[in-house]
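Take a look at the structure set out below.
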Amino acid sequence: DPDLRRKFQDKKILYRRQHGKVGERWTFDVGAMLPWTQLFGTSSRAEVEKIAREEESPPVQWVGPNQETFLQEWKDEPCQYHPIS
């Protein structure tokens, strides 16, 4: 539906990447099963933020009751066009 496609292209899609200090046990998001300490190979928040900056990824936020949950959010294009078709 062209109207629906246009709506998505106007609003974009919000992506969210979230990892707790302890990985999720029951989730459909396999990546969320890893704690951020294992994902980044460090328990230093400053080092995680440095890695994110060096990779030019979205800013890191620390959320949750103890500010121990890693969170990144960003908007991106909803559609990609195949280079041949």
Side-chain angles (χ1 to χ4, degrees):
D1 179 10
D3 289 334
L4 182 59
R5 177 177 282 180
R6 191 169 18 268
K7 183 177 178 181
F8 273 106
Q9 287 173 329
D10 290 343
K11 290 189 169 199
K12 311 279 187 233
I13 292 180
L14 178 65
Y15 289 95
R16 172 180 270 213
R17 180 181 184 196
Q18 183 171 322
H19 295 270
K21 192 164 186 179
V22 176
E24 296 289 328
R25 188 167 179 190
W26 306 106
T27 179
F28 291 107
D29 179 4
V30 176
M33 290 179 176
L34 291 177
W36 61 264
T37 53
Q38 183 179 354
L39 183 70
F40 289 97
T42 181
S43 60
S44 166
R45 293 182 196 183
E47 186 65 23
V48 169
E49 293 168 7
K50 179 183 174 207
I51 291 168
R53 279 192 306 277
E54 287 173 352
E55 293 180 354
E56 298 179 7
S57 64
V60 174
Q61 302 172 55
W62 299 102
V63 298
N66 297 319
Q67 305 290 298
E68 291 185 341
T69 300
F70 166 93
L71 174 68
Q72 286 179 309
E73 292 181 321
W74 67 97
K75 282 191 174 185
D76 210 342
E77 298 296 325
C79 301
Q80 295 182 5
Y81 296 97
H82 193 277
I84 296 173
S85 58

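As the structure is a prediction and not an experimental result, all values here were calculated from the model.
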Could you check whether any side-chain heavy atom of Tyr15 comes within less than 4.5 Å of a side-chain heavy atom of Glu73, counting everything from C-beta outward?
no
Pair Asp3-Arg6, salt bridge (Lys or Arg N to Asp or Glu O under 4.0 Å): steps then yes or no
CA-CA 5 Å; Asp3 289 334; Arg6 191 169 18 268; 2.8 Å; yes
Would a hydrophobic clustering, with Ile, Leu, Val, Met, Phe, Trp and Tyr connected at side-chain separations under 4.5 Å, put Val60 with Leu71?
no
For Trp62, the option from Glu68, Glu49, Gln67 that meets side chain to side chain donor-acceptor pair (under 3.5 Å)
Glu49
Contact summary for Pro35 and His19, nearest pair of heavy atoms
C-CB, 4.5 Å
Heavy-atom distance under 4.5 Å between the side chains of Gln61 and Gln72, does that happen here?
no
Grouping I, L, V, M, F, W and Y whenever their side-chain heavy atoms are under 4.5 Å apart, do Ile13 and Leu4 come out in a common cluster?
yes
Where do Lys21 and Trp36 land on the side-chain contact (heavy atoms from CB on, under 4.5 Å) test, with the steps shown first?
CA-CA 6 Å; Lys21 192 164 186 179; Trp36 61 264; 3.8 Å; yes
For Lys75, salt bridge (charged side-chain N to carboxylate O under 4.0 Å, His left out) partners two or more places apart
none
Heavy-atom closest pair (Ala52 atom, Pro58 atom, distance to 0.1 Å) is CB-O, 4.3 Å
So, does Ser43 use its side chain to make a donor-acceptor pair with the main chain of Thr37 at under 3.5 Å?
no
Side chains of Arg17 and Trp74 in contact at under 4.5 Å (non-hydrogen atoms):
yes
